[in-house]
Colleague: 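Pasting a structure below so you can have a look.
In each ligand, atom 1 is the first atom listed, and ligand 1 is the first ligand listed. Predicted model only: the values in this text are computed from it and were never measured. Numbers here simply count residues along the sequence, with the first being 1. Side-chain atoms are counted along with the backbone in the values below, which use heavy atoms only and exclude waters and symmetry mates.
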Amino acid sequence: MSATSSAEDDILETPILDSERPSLLQKISEEGGYAYVRMATLAAGGDMRAAEATKEVAWEQLHSGPWHSVIPIWRDAYAMACLHVAKLHYAAGEFSLVLRALDMGLIMGGLTLRDDLNSAIKTASEKARTKLDDVEEDNKSRLVCEKVEVAELQHLLPVKSLSSKLVGRRSSLSLEGFLRDYFLPGSPVVISDCMADWPAQSKWNNVNYLKKIAGFRTIPVEVGKNYLCQDWKQELITFSEFLERILSNDSTTADTTYLAQHPLFDQIQELRQDILIPDYCFAGGGEMRSLNAWFGPGGTVTPLHHDPHHNILAQVVGKKYVRLYSASLSEELYPHAEFMLRNSSQVDLDNIDEKEFPRVVNLEFFDCILSEGEMLYIPPKWWHYVRSLTTSFSVSFWWSDSANSSAS
Ligand SMILES: O=C(O)CCC(=O)C(=O)O
Ligand SMILES: [Fe+2]
């Protein structure tokens, strides 16, 4: 990795064009990025307009076609441009702008400069936090204030919910028991009393804690009813802005904001320390595929879909309703024909069109309300629909077993 990533040799205080990066610039010129290279050199000399211009040039390259067709060096070029911009904001003491630039580098940039971005984020976060401490020290608030009874939530659920087969529940389930009774037969289960040692359990319900750890960080959120709807869009906002939206949320509005399926713990490493990979994820001898955050107000809906991996969905804050249909029922669930959406059902479980989708009406499903401190095991390819019933923060752990560890 880069020579500049050690603690005493801080990336934000040293020139960016060190011994490793000329080769990066060389590769960028080879791809025709002469203007980028000229401006990067000016940026390294302290020219903010040139730094912004490198970011724009690389941004255009990232948006010149489908994501998979972008030449990888342009992702590194974008990360490097973000570092230039961050460094110049840092010199001006603008720490929130430093973090914005660095997060854009992490979210959109390539992997080559990731260690540099992370070490710069650590330095800038500490400075930004010092500022925040002065302003908000006594202001304590909770995301979910009171315990909600299940009976009070009934009206929020799709018809027929909780009326037939409930997902089985086990308390403090051993790894052997999990393997034998659920993993090998491929059956879902809710596991309780298994998250007591997660720091997140006592920390993430506290808005103040989240603001302090992540308030200035930029995150991608989804806005709209759900990803299958026309008016759905993605936005980049700060974690503080996001928390304000959650606190002011009226769950009847169409433009719910959801931090959904985002690898937040790769991006914000302090939050990674608050969670533990459940032992269950080692079942099957495969490998971890991804850890994702799902954080939003009451009323978020992830429509009926399936994923290729084993999944432990861990509920840290609030409650969610989850409905599951067996993988064997795919034909009856009217998957979309389009390639990108073929793992999603055309059926809207909140408003089933029985004429168009008659086969789904009497189909067997399992469902549950997942509460704080509980985990749900969803076997691969099982269809699931998820609705948050309160403000909710969950973490999903996707892993493959050794038989499928080459699957994407
Ligand atoms: O929690 C949600 O909204 C959806 C979770 C999900 O689809 C998953 O973990 O695979
Ligand atoms: Fe899913």
Colleague: Examine Arg75 relative to Tyr78 and say whether NZ or CZ is less than 6.0 Å from the centre of the six-membered ring and inside a 45° cone about the ring axis.
Modeller: no
Colleague: Heavy-atom contacts with His384 under 4.0 Å: which atoms of ligand 1 show up? List them by number with element.
Modeller: 6 (C), 7 (O), 8 (C), 10 (O)
Colleague: Ring centroids only, cut at 6.0 angstrom: are Phe242 and Phe295 within range, meaning strictly under it?
Modeller: yes
Colleague: With salt bridge (Lys or Arg N to Asp or Glu O under 4.0 Å) as the criterion, how do Arg387 and Asp350 come out once you've worked through the C-alpha distance, each side chain's angles and the decisive distance to 0.1 Å?
Modeller: CA-CA 10 Å; Arg387 170 182 278 274; Asp350 290 303; 3.2 Å; yes
Colleague: Are His306 and His384 close enough that their ring centres sit under 6.0 Å apart?
Modeller: no
Colleague: Could you tell me whether ligand 1 has any atom less than 4.0 Å away from a heavy atom of His305?
Modeller: yes
Colleague: If we check ring-ring contact (aromatic ring centres under 6.0 Å, His included) with Tyr280, which of these qualifies: Phe183, Tyr182, Phe178, Trp399?
Modeller: Phe178
Colleague: Going by the atom numbers of ligand 1, which of them fall below 4.0 Å from some non-hydrogen atom of Leu313?
Modeller: 9 (O)
Colleague: Relative to the heavy atoms of Ser396, which atoms of ligand 1 are at a distance of less than 4.0 Å?
Modeller: 9 (O)
Colleague: Report the atom name of the nearest N/O/S atom of Asp307 relative to the Fe ion (ligand 2).
Modeller: OD2
Colleague: List ligand 1 atoms under 4.0 Å from Trp398, heavy atoms only on the residue side.
Modeller: 9 (O), 10 (O)
Colleague: Where does the angle between the aromatic ring planes of His310 and Tyr377 fall among parallel (under 30°), tilted (30 to 60°) and perpendicular (over 60°)?
Modeller: parallel
Colleague: Of the backbone and side-chain N, O or S atoms of His305, does one lie nearer to the Fe ion (ligand 2) than 2.8 Å?
Modeller: yes
Colleague: Decide whether the shortest distance between a heavy atom of Lys320 and an atom of ligand 1 is less than 4.0 Å.
Modeller: yes
Colleague: Between the candidates Asp307, Asn311, Leu304, which shows the shortest non-hydrogen contact distance to atom 9 (O) of ligand 1?
Modeller: Asn311
Colleague: Taking the six-membered ring for Trp and the full ring for Phe, Tyr or His, determine whether the centres of Phe239 and Phe216 are under 6.0 Å apart.
Modeller: no
Colleague: Which ligand 1 atoms are under 4.0 Å away from a heavy-atom of Tyr258?
Modeller: 1 (O), 2 (C), 3 (O)
